[in-house]
There are 2 protein chains.
Amino acid sequence: MADPKYRQIADDLRRKIDAGELGVGEKPLPSEKELEASYGASRNTIRDAIKWLTTRGIVQTRPPQGTFVVRIDPFIIAMDRTNGFGGESAAYASEVEAINRKATVSKPRIEIQQASEAHVANELKIEGEATVLSRHQQRYIDGLPWSLQTTFYPMTLVQSLLQKGATRLLDAEDIPEGGVQYLQEHLGIKQLGFRDELRVRPPDTNETEFFDLPEDGSIAIFETRRTGFEEDKRPLRLTVTIFPVDRNQFVFDVGEVPDRPKSGAA
Amino acid sequence: MADPKYRQIADDLRRKIDAGELGVGEKPLPSEKELEASYGASRNTIRDAIKWLTTRGIVQTRPPQGTFVVRIDPFIIAMDRTNGFGGESAAYASEVEAINRKATVSKPRIEIQQASEAHVANELKIEGEATVLSRHQQRYIDGLPWSLQTTFYPMTLVQSLLQKGATRLLDAEDIPEGGVQYLQEHLGIKQLGFRDELRVRPPDTNETEFFDLPEDGSIAIFETRRTGFEEDKRPLRLTVTIFPVDRNQFVFDVGEVPDRPKSGAA
DNA sequence: CCGTATTTGTTCGTATGTATT
DNA sequence: CAATACATACGAACAAATACG
C-alpha cells in the first residue's frame with residue numbers, strides 16, 4: 001500500500017479545497033457521514049483525514065455545524081524601528097487602519113502580584129519577593145481576536161509615579177500613547193533600548209479559548225517578550241504579546257529598503 | 001464527566017514526565033499495551049492520550065521502538081545587526097561554537113532555474129521568464145539537523161561575476177564569508193539594507209524528513225525570507241531559511257541593552 | 001540470512017454522550 | 001422534544017517496521 005487511506009482522502013480533500021470545489025463561502029465540508037459514503041471509508045478513517053487537515057490549519061471544525069475551510073488574511077506586523085510589540089495602542093491602530101481594517105482594544109485588566117513566575121522576575125531582574133503591576137489587554141482586528149498583551153512594571157516604578165500624582169497606570173483605561181511614553185513624561189525615565197525574544201509554543205487553555213483555536217492544540221502561537229531598558233541598562237518593563245501563527249507574519253527592515261506594498265489583499 | 005479520560009491520562013503522563021518518573025535516559029514510555037493495563041483504558045484511548053502529548057511536542061514516537069520524551073535545548077538566534085539569516089556560514093559557526101556546540105554545514109546544491117515560483121520572482125522583482133541561481137545548504141548543530149537554507153541570485157548578477165572570472169557561486173563549495181560579501185568584492189555591489197519576513201507554517205514532506213519531525217505535522221517551522229537590497233533599493237538576493245520551531249528562538253536587540261547571559265545551559 | 005516477537009500504524013465496527021438547531 | 005453532527009470510548013483485526021536470537 002503506497003499511502004494510507006486517510007492520507008489519500010486528506011490529499012483529495014485538500015486538492016478540492018484548493019480548486020475551490022469545496023468549502024466555498026460559508027458552507028461547511030460534507031458531513032462525516034457523507035464523506036464516509038463518497039470515499040467508501042469508515043467514519044474513523046474520515047476523521048483521521050480531517051484531523052490531518054486540521055493539524056495543518058486548512059480546516060477547522062465547529063461542532064455541530066460541520067467542518068469549515070479556514071481562510072485568513074494574514075496581518076503583517078512591521079518590526080522596523082520601535083514598532084511591533086511596543087504596547088502603544090495608537091501605533092497599533094494606525095498600522096491596522098492603514099490597510100483598511102479596523103482595530104479595537106479591550107480595556108485593560110490591572111493586577112498587582114508577586115513576580116513569582118520565574119520569567120517575569122528574571123527578566124525584570126527583580127529580587128526575591130518584589131511585586132509588579134500588570135496590565136492585560138485583548139486586541140481585535142475587524143472584530144476577530146488577534147493578540148493578547150500583558151505589560152509588567154516593577155511596583156517601585158509605579159509607586160514613584162503615584163508620589164507625583166500620576167495614576168493612569170492603575171486606571172482600567174487604555175493608554176494610547178503607551179506606558180513607556182507615560183513613564184518618560186512623569187518620571188523622566190527614558191527607554192534607551194529593548195530586547196525582543198520570539199518563540200513559538202502550543203497555546204494554553206486561555207489562549208485556545210480567546211483565539212478560538214482548535215482544541216487539539218494544532219495551531220501554535222507566537223510568544224514575544226519585549227524587555228525595555230532605561231539608563232544603566234536597567235529593566236523598565238516587560239511586555240508579553242501572544243499572536244496565533246495562523247494569522248500573523250512579521251517583517252523587519254534594516255537599512256535602505258523599498259516601501260512595502262500596501263498589504264491586506266487576499 | 002469532567003475531563004475526557006484521554007486527557008486525564010495525558011495529564012498524568014505529563015506530570016510523571018515532568019517529575020522525571022518517565023522517559024528518563026534513552027528508555028521509551030511504557031508500551032501501549034502496558035499503559036492500557038495500568039490505566040484500565042482501551043488501546044485507542046491510550047493512543048488519543050499519546051497523540052495529545054505528541055501534538056504539544058512533549059513526546060515523539062518512533063515505531064516500532066516506542067514513544068520517547070522529547071528534550072531539546074533550544075538554540076537562540078540573535079537577530080541584532082546583520083546577523084541571523086545572512087547566509088554567512090562563518091558567522092553562524094562562531095555563534096554556535098560560542099555556546100560550546102558544534103556547527104556543521106553541508107556542501108551546497110546548486111541549481112539554475114526559471115524563477116517561476118511566484119514568491120522568488122516577486123521578491124527579486126524579476127520580470128517574466130528570468131532565471132535565477134540557487135544555492136541550497138543543510139545546517140547541523142551537534143550533528144542534529146537544525147536549518148535549511150536556500151539563497152537565490154538573479155542570473156544577470158551571476159553572469160556579471162563570470163565575466164570577471166569569479167566562479168565561486170557556481171562551485172558546490174561553502175562560501176564561509178557569504179555570497180553577499182563575495183558579490184561586493186568582485187562586482188563592487190554593496191548590500192545597503194535588507195528585509196526579513198518571518199512566518200510560521202506546517203512543514204512540507206521534505207522538511208518533515210530532514211528535521212525528523214513527527215509525521216502528523218504537529219511541529220511547525222519558521223520560514224524566514226531575507227531579501228537584500230543594493231543601491232536604488234534593487235533586490236540583490238533572496239535567502240530563505242527554515243527552522244523547526246521546537247529547537248529555535250529568536251532574539252532582537254535594539255539600542256542599549258545588557259549582554260545576554262551565556263546560553264546553552266539545559 | 002531467516003523467522004519470530006514486539007510495538008506501533010491503520011482500519012473497521014459499534015455504542016454512548018453532548019451541544020446546537 | 002427531536003434531529004443532527006461531532007466527541008469520546010471500547011473492541012478487534014491486520015499491516016509494517018524493527019530487534020533479536
Side-chain angles (χ1 to χ4, degrees), chain A residues 1-13 22-23 26-55 58-70 205 208-209 212-219, chain B residues 1-13 22-23 25-55 57-70 205 208-209 212-219:
Chain A
M1 196 192 325
D3 261 11
K5 196 181 217 174
Y6 78 96
R7 282 290 304 278
Q8 293 179 27
I9 297 172
D11 289 344
D12 189 62
L13 286 173
L22 278 182
E26 290 299 300
K27 273 191 312 223
L29 299 195
S31 75
E32 293 181 353
K33 197 193 292 264
E34 292 170 284
L35 292 173
E36 203 173 327
S38 73
Y39 284 106
S42 83
R43 192 172 153 233
N44 282 338
T45 303
I46 297 294
R47 281 171 66 72
D48 284 346
I50 290 178
K51 181 158 231 162
W52 195 86
L53 295 172
T54 302
T55 301
I58 296 166
V59 302
Q60 184 172 353
T61 123
R62 294 198 288 272
Q65 292 138 320
T67 299
F68 296 82
V69 175
V70 174
T205 318
T208 300
E209 187 184 359
D212 190 29
L213 299 175
E215 277 290 331
D216 64 1
S218 55
I219 303 291
Chain B
M1 195 193 326
D3 259 12
K5 195 182 217 175
Y6 78 95
R7 283 289 306 276
Q8 294 179 27
I9 296 173
D11 290 343
D12 189 61
L13 286 173
L22 279 181
E26 291 300 299
K27 272 191 314 221
L29 300 194
S31 75
E32 293 178 354
K33 196 193 293 264
E34 291 171 283
L35 293 173
E36 203 174 326
S38 73
Y39 284 106
S42 79
R43 185 168 161 232
N44 281 337
T45 303
I46 296 294
R47 282 174 64 74
D48 282 346
I50 291 178
K51 181 160 232 162
W52 197 85
L53 295 173
T54 301
T55 302
I58 296 165
V59 301
Q60 183 173 351
T61 125
R62 293 198 290 271
Q65 292 135 320
T67 298
F68 296 81
V69 176
V70 175
T205 319
T208 300
E209 189 185 357
D212 190 29
L213 300 175
E215 276 291 329
D216 64 1
S218 54
I219 303 291

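The shown structure was predicted, so the numbers you read here are calculated from the model rather than taken from an experiment. Order of the sequence lines sets the chain letters (A, B, ...), proteins ahead of strands, with each chain counted from 1.
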Touch check for A:R47, heavy atoms < 4.0 angstrom, all strands: base, sugar-phosphate only, or nothing? base
I'd like a list of close polar pairs between nucleotides 12-15 of chain C and the protein, N/O only, cut-off under 3.5 Å.
| unit_1 | atom_1 | unit_2 | atom_2 | d |
| --- | --- | --- | --- | --- |
| C:dC12 | OP1 | A:K5 | NZ | 2.9 |
| C:dC12 | OP2 | A:S42 | N | 2.9 |
| C:dC12 | OP2 | A:S42 | OG | 3.2 |
| C:dC12 | OP2 | A:T45 | OG1 | 2.2 |
| C:dC12 | N4 | A:N44 | ND2 | 3.3 |
| C:dG13 | O6 | A:N44 | ND2 | 2.9 |

Using a cut-off of under 3.5 Å, enumerate the N/O to N/O pairs linking the protein to nucleotides 18-21 of chain D.
| unit_1 | atom_1 | unit_2 | atom_2 | d |
| --- | --- | --- | --- | --- |
| D:dA19 | OP1 | B:Q65 | NE2 | 3.2 |

Supply the atom-to-atom distance [X] [atom1] to [Y] [atom2], rounded to the nearest 0.5 angstrom.
{"X": "B:L35", "Y": "B:I9", "atom1": "CG", "atom2": "CD1", "value": "8.0 Å"}
{"X": "B:Q8", "Y": "B:T45", "atom1": "CD", "atom2": "OG1", "value": "11.5 Å"}
{"X": "A:L53", "Y": "A:D11", "atom1": "CG", "atom2": "CG", "value": "8.5 Å"}
{"X": "A:T54", "Y": "A:D48", "atom1": "OG1", "atom2": "CG", "value": "11.0 Å"}
{"X": "B:Y6", "Y": "B:N44", "atom1": "OH", "atom2": "CG", "value": "13.5 Å"}

Separation of [X] atom [atom1] from [N] atom [atom2], in whole Å?
{"X": "B:I50", "N": "C:dT10", "atom1": "CD1", "atom2": "P", "value": "14 Å"}
{"X": "B:D3", "N": "C:dT18", "atom1": "CG", "atom2": "P", "value": "13 Å"}
{"X": "A:K51", "N": "C:dG9", "atom1": "NZ", "atom2": "C1'", "value": "15 Å"}
{"X": "B:I9", "N": "D:dA9", "atom1": "CD1", "atom2": "P", "value": "8 Å"}
{"X": "B:K33", "N": "D:dC10", "atom1": "NZ", "atom2": "C1'", "value": "16 Å"}

Would you mind telling me which of B:V70, B:I219, B:L213 makes a side-chain contact (heavy atoms from CB on, under 4.5 Å) with B:Q60? B:V70
Would you say that B:P28 contacts B:T61 through its side chain, given a criterion of any heavy-atom pair below 4.5 Å between the two side chains? no
Given DNA chain C, 5'-ward residue of the pair B:R62 and A:D48, judged by closest heavy atom: B:R62
B:Y6 side chain, from C-beta outward: closest of D:dT8, C:dT11, C:dG9: D:dT8
Let me see the working for B:Y39 and B:D12 under side chain to side chain contact (heavy atoms under 4.5 Å, CB included), right down to the final yes or no. CA-CA 10 Å; B:Y39 284 106; B:D12 189 61; 2.5 Å; yes
Suppose we screen for salt bridge (charged side-chain N to carboxylate O under 4.0 Å, His left out). Which residues come up paired with B:R43, at least two apart in sequence or across chains? B:E32
